2 protein chains.
Amino acid sequence: MLSFTEENYLKAIYRLSEGGTKSVLTSEIAEMMSTKAASVTDMIKKLSLKNLIGYEKYYGVKITKQGKSEALMVIRKHRLWETFLVEKLQFTWDEVHDVAEQLEHIQSNLLIEKLDEFLGFPTADPHGHPIPDKNGKIQTVRQIPLADLVTSKKCVIRSVKDGSPSFLQYLSKIGVYIGAPVVILEKIEFDGSLEILIDGNKKVFISRDAAQNLLVTE
Amino acid sequence: MLSFTEENYLKAIYRLSEGGTKSVLTSEIAEMMSTKAASVTDMIKKLSLKNLIGYEKYYGVKITKQGKSEALMVIRKHRLWETFLVEKLQFTWDEVHDVAEQLEHIQSNLLIEKLDEFLGFPTADPHGHPIPDKNGKIQTVRQIPLADLVTSKKCVIRSVKDGSPSFLQYLSKIGVYIGAPVVILEKIEFDGSLEILIDGNKKVFISRDAAQNLLVTE
DNA sequence: ATATTTTTTTAGACTAGTCTAAACTTTTAT
DNA sequence: ATAAAAGTTTAGACTAGTCTAAAAAAATAT
């Protein structure tokens, strides 16, 4: 049984390693966890003893199969709870993160399987992020940043890459939502901003940064 | 902001003080929390500094108004979550306690108010225990142990006093549920057991202990 | 190739919560 | 009324997780 803290470290390592592919530095973990490198070193030793990560002094860590599986379960719980909060309790998509950060640590397999069923086995959370199934399998669909799409090609908004509350509020305000059909009307060369058409009827300008953070499928 | 542990102590003290009326001994708290008296003494000092309880060395503790209010909020959350688990996720009433013990510590007013609304502002949990409202107000209805009812008087099962999973499973098995109409057919003098009629069609014998643990209204 | 900078680890200390063992108070029994 | 028993508190130690400061290793720059 992992502690709250161990789960959070593992999740951070999983994210930083991009799904377990890259190895991760102490300083990166410290940054993501808002803590100091010395604390990270201590925790790394613990996780390493439990075979959740491989660790070589001074050369960072690599998540193991077992560690990856634990991380995926935490992510599964986080995303199922976010879905619950939005679909059932009418939270807005910018309000769910902090509560889900707490709910993801509740320990009960029965709970999470029943929640999954209650929600109709969703495959993506309110931000469009895929929900791992009970075996940790993630349904991956190739998505590209809206910024990389060519002008006048039709696409659908699938997810937000980094969804800070203020960015999500901004998106709602301009009418962007997961599933929205979008076309790029014009790319402004000066600053890389885009003029886009949402839902076939709303024309807006969005910054290059915003367009990098919106992932779409053609 | 109270810690997980502080909330649990406060809840125990609230229960043992019977809603803040009696004062509570260190050893009683230790017993209920499955810990040692020395640990209780330490925590008592902390809670006392935060004005959640009044404490006089060697003479036990008394919960304050503020402490009572905090305890009631934890109880409110616990019972709302139990209700959610049974009504929405199809848990049985004997499965909910341990999960609710975790969920009750999630910190978010928005969450609990939205959950309350989602559940239709229930006034009792699956065991018939009253759910404090957002101001900590409890709707009290006078209930008596089934054991104290006279023979052949109609009554309705309202709650279980101490609901261990195995007792709850037993009740389900014999057809007792919250809201069930019951009459005592006969009181067996030998051991205080009762023959009762449930739902107008099921005759069963239940022990004196069981009849003490079932609360009813006439 | 060596010196400097950056990063990581170690050492030692701190808080929250727990424990055991010993000291101290109160209660109970004679 | 006093001795024994029971219950409570203190003292000191332990674990989990955190921190700062110093030491050690690696990366970088000349």
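Below, read A as the first sequence line, B as the second, and so on, with proteins coming before strands; counting in each chain starts at 1. Computed from a predicted structure; not experimentally measured.
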Nearest-Å distance, [atom1] ([X]) to [atom2] ([N])?
{"X": "Leu49(B)", "N": "dA16(C)", "atom1": "CG", "atom2": "P", "answer": "11 Å"}
{"X": "Glu31(A)", "N": "dT6(C)", "atom1": "CD", "atom2": "C1'", "answer": "16 Å"}
{"X": "Asn8(A)", "N": "dA16(D)", "atom1": "CG", "atom2": "P", "answer": "17 Å"}
{"X": "Met1(B)", "N": "dA16(C)", "atom1": "CE", "atom2": "C1'", "answer": "17 Å"}
{"X": "Ile44(A)", "N": "dA16(D)", "atom1": "CD1", "atom2": "P", "answer": "17 Å"}
{"X": "Asp42(A)", "N": "dT20(D)", "atom1": "CG", "atom2": "C1'", "answer": "13 Å"}
{"X": "Met33(A)", "N": "dC19(D)", "atom1": "CE", "atom2": "P", "answer": "10 Å"}
{"X": "Met43(A)", "N": "dC19(D)", "atom1": "CE", "atom2": "P", "answer": "11 Å"}

Are [X] and [Y] close enough that a side-chain donor and a side-chain acceptor fall under 3.5 Å?
{"X": "Ser69(A)", "Y": "Gln66(A)", "result": "no"}
{"X": "Asn8(A)", "Y": "His105(A)", "result": "yes"}
{"X": "Gln90(A)", "Y": "Glu95(A)", "result": "no"}
{"X": "Arg158(B)", "Y": "Thr217(B)", "result": "yes"}

Residue pairs passing the salt bridge (charged side-chain N to carboxylate O under 4.0 Å, His left out) test with at least one member in residues 16-40 of chain B, sequence neighbours excluded, are Glu18(B)-Lys22(B)

Tell me whether the side-chain N/O atoms of [X] come closer than 4.0 Å to OP1 or OP2 in [N].
{"X": "Tyr55(B)", "N": "dT9(D)", "value": "yes"}
{"X": "Lys45(B)", "N": "dT10(D)", "value": "yes"}
{"X": "Thr5(B)", "N": "dA16(C)", "value": "no"}
{"X": "Thr41(A)", "N": "dT9(C)", "value": "yes"}

Validation row: [X], [Y] side chains within 4.5 angstrom (heavy atoms):
{"X": "Asp116(B)", "Y": "Pro122(B)", "result": "yes"}
{"X": "Leu16(B)", "Y": "Leu25(B)", "result": "no"}
{"X": "Ile75(A)", "Y": "His129(A)", "result": "no"}

Quick check on salt bridge (Lys or Arg N to Asp or Glu O under 4.0 Å): which of Arg76(A), Lys77(A), Lys11(A) does Glu104(A) satisfy it with? Lys11(A)

Any residue of residues 21-28 of chain B with a heavy atom less than 4.0 Å from an atom of DNA chain D: Leu25(B), Thr26(B), Ser27(B)

Using a cut-off of 4.0 Å on non-hydrogen atoms, how would the nucleic acid contact of Phe4(A) be classed: base, sugar-phosphate, or nothing? nothing

Look at the side chain of Ala37(B) and decide which nucleotide, out of dT9(D), dT18(D), dC19(C), has an atom nearest to it. dT9(D)

Can you run down the side chain to side chain donor-acceptor pair (under 3.5 Å) pairs that involve residues 133-143 of chain B, sequence neighbours left out, and say none if there aren't any? Gln143(B)-Ser159(B)

N/O to N/O distances under 3.5 Å, protein versus nucleotides 1-4 of chain C:
none

Where protein sits on nucleotides 21-27 of chain C, one letter per nucleotide: B base, S sugar-phosphate only, - none, heavy atoms under 4.0 Å: ---BSS-

Those residues at least two apart in sequence (or on a different chain) that pass side-chain contact (heavy atoms from CB on, under 4.5 Å) with Pro165(B) are Asp94(B), Gln169(B)

Are there more than 12 heavy atoms of other residues, nucleotides or ligands under 6.0 Å from atom CG of Asp148(B)? yes

